[in-house]
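Worth saying up front: this structure is predicted, and the values here are computed from it rather than measured. Residue numbers count from 1 along this sequence.
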Amino acid sequence: MRYLSTRGGEETDLVDAVMRGLATDGGLFVPDELPRFTPNDFRGTTLAEISAELLAPFFEGSGLEGQLGAICRDAFDFPVPLRPLVEANGELSVLELFHGPTAAFKDVGARFLAAVMERALPRFTDQRPLTILVATSGDTGGAVAAAFHQRRGIRVGVLFPKGQVSPRQQHQLTCWGDNIRAFEVEGSFDDCQALVKAAFTDSDLQRRHRLSAANSINVGRLLPQAAYHAAASLWHWRKHGTAASSIVPTGNLGNGMACVWARAMGLPIGDVVFAVNANRTIPDFLSTGQWQPRPSTATLASAMDVGNPSNMERLRNLIPDFAELRGTVEAYPVDDEAIRAQIAKDYARFGQIWCPHTATGFWVYDHLPASRRVGRPWIVCATAHPAKFETIVEPVIGRAVAVPEALADLLQRPTASVPLVPQLPRFAAELDRWK
Ligand SMILES: *Cc1c(COP(=O)(O)O)cnc(C)c1O
């Protein structure tokens, strides 16, 4: 399999696409051709087994073919259950993507990326440790740190804005030690991001260190996400013989794009519906045809606060014709008031507690015309555990949210971070001193 830039200027293999993340022309890497499957092509039952079958064509010619099974077992070492909420032929199910080490679906992509990078590294002549830099406003940094913790030949610098992440998020960023270092930056998230960018474009620093990124547009994060959408559709298919439709809470369109890829590969997925928060760039585009990225607005579903969703470039690359695109996916915005109301409603109705991101998905389900729900199966993706967003959820439901075991373990660990003023020479000195 070859990987092409969405901007047309470049072609490469899987390992190079994963190690670089972004093409030099600024485009995103996409597979040159999606493989086609039918449900009966799959033998495996677990997520790791189904992933290995689905992703085999994507690893062809990468040199890592023989390790794909191990990569999938490594990445998917936690449960991803598809749980029916309402049984019957019009089954409503929830795909729980939050049982990983940091209790959010970003664990899936980050763990897969780490598993691929660790196995690809020995094939390079440059034997220096790979230093991955990641700026975070909260969620991504924790997932990346957890995924790369104690991986051979790799170290991770996480930059977060001082005083601007929640206490639990801060704990997840600073509790690792070993090959992970957390930098507490005197500034905003934008300062953190600017510092990482400055490090990547400084040729002296590039000479002294082998730098890489683990950002969300890496194709190595999207592939395993396509795998869980595929597995969920197969589990449903095997039980009921029908194609369930999917509702996918999404912001940067990573989770959404992965679902579109899975369906385009022939997996039994009906409609694909994106749930977004008050950042309405995607639904506005689908209703007007005008692509108008804008600054993001802060919402309760903060991990989806994206005003310029990067993966739209992949979606438009897959389906360039606007009329066709509009017939293929739908997107609906959900504001904060609706998020709170949905959390309360589903706690009363199902005894289920959603995180604010997951609540957007259930709001969209409830607001589909009845004709699309009655007798028709749907899967809603749950993207984070509510205990990660307890300050929002607990006042709505009027009780404490139990902390899952993996998260509780993390919250027990001691923390450490390095204070940093956002100036490149200071950051460079820290990287030089890091042995
Ligand atoms: C990142 C994130 C999302 C959105 O993911 P995209 O890749 O932007 O679609 C949704 N929910 C949670 C909890 C997240 O952390």
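- Inspection of the Gln164 and Ser188 side chains reveals no N or O donor paired with an N or O acceptor under 3.5 Å.
- Atom NZ of Lys197 sits in a sparse spot, with 12 or fewer heavy atoms from other residues, nucleotides or ligands closer than 6.0 Å.
- Counting only residues at least two apart or in different chains, side chain to side chain donor-acceptor pair (under 3.5 Å) contacts with residues 248-259 comprise Ser216-Asn252, Tyr228-Asn255, His229-Asn255, Asn252-Ser310.
- Checking side-chain atoms of Thr358 against main-chain N and O of Thr383 turns up a donor-acceptor pair under 3.5 Å.
- A donor-acceptor pair shorter than 3.5 Å can be found between the side chains of Ser5 and Asp25.
- Contact annotation: the side chain of Arg43 approaches that of Glu53 to within less than 4.5 Å [non-hydrogen atoms, C-beta and beyond].
- Atom-to-atom distance recorded for Cys72:SG and Leu47:CG is 8.0 Å, nearest 0.5 angstrom.
- The stretch residues 7-62 participates, sequence neighbours left out, in these ring-ring contact (aromatic ring centres under 6.0 Å, His included) pairs: Phe37-Phe42.
- Under the ring-ring contact (aromatic ring centres under 6.0 Å, His included) criterion, the residue pairs touching residues 140-163 are His149-Trp176, with sequence neighbours excluded.
- Salt-bridge annotation for Glu10 and Arg20: present, with a side-chain N of the basic residue lying under 4.0 Å from a carboxylate O of the acidic one.
- The aromatic rings of Phe112 and Phe76 sit tilted, their planes meeting at an angle between 30° and 60°.
- Residues Met1 and Asp13 have side chains not in contact (no heavy-atom distance under 4.5 Å, counting atoms from C-beta outward).
- Aromatic pair Phe389/His357: ring centres closer than 6.0 Å.
- Counting heavy atoms from C-beta on, the side chains of Asp16 and Leu14 never come closer than 4.5 Å.
- A salt bridge between Arg349 and Asp366 is present, with a side-chain N of the basic residue lying under 4.0 Å from a carboxylate O of the acidic one.
- Here CG of Leu407 is found 9.5 Å from NE2 of His171. Values are rounded to the nearest 0.5 Å.
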